[in-house]
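These values consider heavy atoms only, across backbone and side chains, with no hydrogens, waters or symmetry-generated copies.
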Amino acid sequence: MTMTQQPNPQGQPQLALTGISKHFGSVVALDNVDFEVYPGEVVALVGDNGAGKSTLIKIIAGVYQPNAGMITFDGRAVHLSSPQAASALGIATVYQDLALCDNLDVVANLFLGRERASAPLAGPLRQLSEEAMERQAIDVLHSLSVNLPSVHRPVAELSGGQRQSIAVSRAVLWGSKVVLLDEPTAALGVEQTALVQQLIVRLRERGLGVVIISHNLADVFKVADRIIVLRLGRRVGTFQRRATTPEEVVAAITGGVSLAGEEVH
Amino acid sequence: MATTEAQTRAAQAAPPTGWRKLQLALRQQMARGELGPWPVLAGLAIIWAIFQTQNAHFLTARNLSNLILQIGVLGVLAIGVVLVLLIGEIDLSLGAVTGVCAGVLGVTLTLHHWNIWAALLATIIVGAAIGVLQGVLIVGIGVPSFLVTLAGLLAWGGVQIILLGDAGELIIYDSSVRAISSAYFTPLQSGVLAGLVLAGYGWTLLRQRARRQQAGLSAPTVGTLVLRWAAVVVIVAASVALMDAYFGVPYILAVLVALALALTWVTSRSVYGRHLYAIGGNKEAARRAGIKVGLITVSVFVIASTLAAVGGILAASREFAVSIGTGGGTLLLDAIAAAVIGGTSLFGGRGQIYNALLGALVIGSVENGLDLLGQPSSVKDIATGVILVAAVSIDAISRRRSQAR
Ligand SMILES: Nc1ncnc2c1ncn2[C@@H]1O[C@H](COP(=O)(O)OP(=O)(O)OP(=O)(O)O)[C@@H](O)[C@H]1O
Ligand SMILES: [Mg+2]
């Protein structure tokens, strides 16, 4: 697609989309877009409002079905027919509004919908394995260096960054391989933003593929390995973070360089 | 951050023991605006103290035993209300369901001379079926529970009148139904039952401690557990002894306690219970996490209606009759008030089964005490209203304070 081949990634992408198009009526949200994320890589998806970032993320998350194109996960062609299908494969989406239950504590939120439980009764009346869940929660938070006052606090009492961290830790706990974050630091202060950025770096160290959408290029340049630029539904640039400058990326976002996708960096 | 983490570590490494730990826990709870059962218990103590100074008969074994009989139906309904409120819904039909189910019991037993078990089963099934119907309307069609159950309140009241016919009343002759509200355990029986429950509680505490240790988590000392267990033993033994000083432990009390214990286990220990809190806390998050929100919502309405059917049986048993007034009056509103006074949130996600019993005890005490003083029901209603507002205000203020920090 572009000049700047290829990042740290060795081997095949964890997730690859090829020739993806998506229309909403007459609106072309995505037009023949390729996208790929490798294990242990942070990809930033940037672009102006309406460029198609959220649409692309939602296709990966199984929320939207593309009108054309192919998706492979671990090298195998897959059909992401629903959010459940995507999460079953190991694609976790951290939603902007976080999807945490404020009244439940950290452990309960980490295991929400996937509680560990055992006999004596069956089905929904299985007994929660509180201790096993707490142990695992503490371990995973520790391994990600997420610091919390207590895992027994309702998450309503935690800061925005801590809550974001819990949502991300949940993806790790559930064994996800790709984590999608739409504007993960949009609502956070400086310190909290740094916290979440450290966490993103740790996800990469664990070999997960991370996709972040952000309008803040300074943040993007702090964590991303690769920057993919969308403009009017098309991929117009791919940049190695180490080999580019914010100015170049801004030019691609605003169309300061040729739309043909052949710009040279 | 660093200090809080260090604190956590320290706390996990060497848990403070006994009294100090209790103090810490209480202070944390206060700071969080989580007052637990303490405000209700304090309120109850004040109410009892006031009535006792006005009338020395109030705190006698005989009167307290009567009080238990009086709050049987209310307590069972309030448990259902807690469950419904927990998932952020409301059920206004529970009083009417109580009435209609009592009507079914009356018709099958008195008019059609059914076998007692068949009649009880039919009553329960009708209650559950009403829950299914209302739950499916709420979840399937998306009509708010307030409206569906308001319609239920009206409609089931009408059905009750039709069932009871022109006389508007059916006498219950069946001795076993009558016995539910007028029979008592012998001291031996209640002693054995209470002993079993207490042994089970102690065993659970120890098991929990062992599991925490096994998982390498901070665990309470045996001493702390023994203290906690002993406190419960004292309360239970005192209650049983008090009841034994009159006719004994009423069957109704056993029914209430059994229902409360079973549902406490379900809400606090089972996967299903965890999902109830999740739905009440953030329905959308629960859905995204794969929790079957619709199915669980229907099931909660079924449980609440079934509890209302049990309430209908208790009501018929207590009055030895079913009338068009059964399940009517302020019963439903009292049940909602009981749940809220006990500490359950109207907005979902916060509440405990015991809230229902404590709240019912408060409302029952006010009613009983004012009866003793010869006050009319108008005064009782005013008093209940004032207590409800006071309870909710204390809760709101403590929460606002904790948020202001
Ligand atoms: N559900 C929808 N129905 C119709 N049009 C849609 C829908 N979702 C997105 N679009 C359109 O598709 C285009 C891409 O939208 P998208 O939300 O993906 O942009 P974005 O890059 O996420 O923008 P932003 O930075 O503002 O979040 C826009 O023109 C938008 O109006
Ligand atoms: Mg967007």
Side-chain angles (χ1 to χ4, degrees), chain A residues 61 83-84 87-88 93 95 97-105 107-109 111-118 120-121 123-139 141-142 145-157 159 161-162 167 170 174 191-192 195, chain B residues 1-9 11-12 28 31-34 86 88 207-219 265-266 268-292 295-296 299 345 347-351 402-403 405:
Chain A
Q84 286 75 25
S87 83
T93 312
Y95 292 96
D97 50 6
L98 291 179
L100 297 181
C101 288
D102 278 346
N103 59 328
L104 295 180
D105 68 13
V107 179
N109 268 292
F111 285 89
L112 194 65
R114 302 199 187 183
E115 291 81 6
R116 295 184 59 183
S118 57
L121 300 177
L125 289 183
R126 275 165 308 142
Q127 180 169 346
L128 292 166
S129 304
E130 303 269 12
E131 297 79 14
M133 289 194 281
E134 184 174 338
R135 179 74 265 162
Q136 213 181 332
I138 289 174
D139 290 346
L141 291 171
H142 183 71
S145 303
V146 174
N147 301 329
L148 299 173
S150 156
V151 290
H152 292 297
R153 291 279 181 93
V155 297
E157 295 171 14
S159 73
Q162 289 171 330
R170 180 153 80 184
W174 291 3
E191 217 173 305
Q192 304 282 327
L195 216 69
Chain B
M1 281 315 296
T3 51
T4 48
E5 199 207 1
Q7 278 164 8
T8 321
R9 292 278 154 69
Q12 276 165 6
Q28 262 182 16
R32 253 187 263 164
E34 287 289 342
L86 212 47
R207 279 273 305 161
Q208 219 168 350
R209 176 171 184 275
R211 281 200 309 262
R212 289 191 66 84
Q213 280 181 328
Q214 221 171 7
L217 300 166
S218 67
W265 186 87
V266 168
S268 63
R269 294 254 179 268
S270 76
V271 174
Y272 177 81
R274 174 64 50 85
H275 291 176
L276 295 184
Y277 285 91
I279 292 171
N282 186 343
K283 200 192 257 196
E284 189 48 38
R287 205 188 305 277
R288 285 181 193 173
I291 293 172
K292 298 192 175 73
L295 193 66
I296 292 179
S299 75
S345 164
F347 306 107
R350 188 164 58 85
S402 78
Q403 268 159 20
R405 281 182 325 135

* To do: Please examine the side chains of A/Leu125 and B/Val266, heavy atoms only from C-beta on, and report whether any two atoms are closer than 4.5 Å.
  => yes
* **Leading residue by heavy atom contact count with chain A [cutoff under 4.5 Å; candidates B/Gly348, B/Ala285, B/Gly290, B/Ala286]** => B/Ala285
* Are B/Gln213 and A/Glu131 side-chain neighbours, meaning at least one heavy-atom pair lies under 4.5 Å? -> no
* Structure fact -> CD (B/Glu284) and SG (A/Cys101) are apart, to the nearest 0.5 Å, by 10.5 Å
* Does the distance from a Lys or Arg side-chain N to an Asp or Glu carboxylate O, for A/Glu130 and B/Arg274, drop under 4.0 Å? -> yes
* **Portion of B/Ser345 that has a non-hydrogen atom of chain A nearer than 4.5 angstrom** => neither
* To do: Evaluate side-chain contact (heavy atoms from CB on, under 4.5 Å) for A/Arg126 paired with B/Val271, printing each intermediate quantity in order.
  => CA-CA 6 Å; A/Arg126 275 165 308 142; B/Val271 174; 4.2 Å; yes
* Checking heavy atoms, do the side chain of B/Gln214, its backbone, both or neither come under 4.5 Å from chain A? -> neither
* Taking C-beta and beyond as the side chain, do A/Glu115 and B/His275 meet within less than 4.5 Å on heavy atoms? -> yes
* To do: Locate the shortest heavy-atom distance separating B/Ala278 from A/Leu112; write the atom from each residue and the value.
  => CB-CD1, 3.6 Å
* Structure fact -> In terms of heavy-atom pairs under 4.5 Å with chain B, the winner among A/Ala108, A/Ala117, A/Gly123, A/Ser159 is A/Ala108
* **Structural part of A/Leu128 lying under 4.5 Å from a heavy atom of chain B** => both
* Point-to-point distance, once rounded to the nearest 0.5 Å, from CG of A/Asp102 to CG of B/Asn282 -> 7.0 Å
* Are the charged groups of B/Arg212 and A/Glu134 less than 4.0 angstrom apart, N to O? -> yes
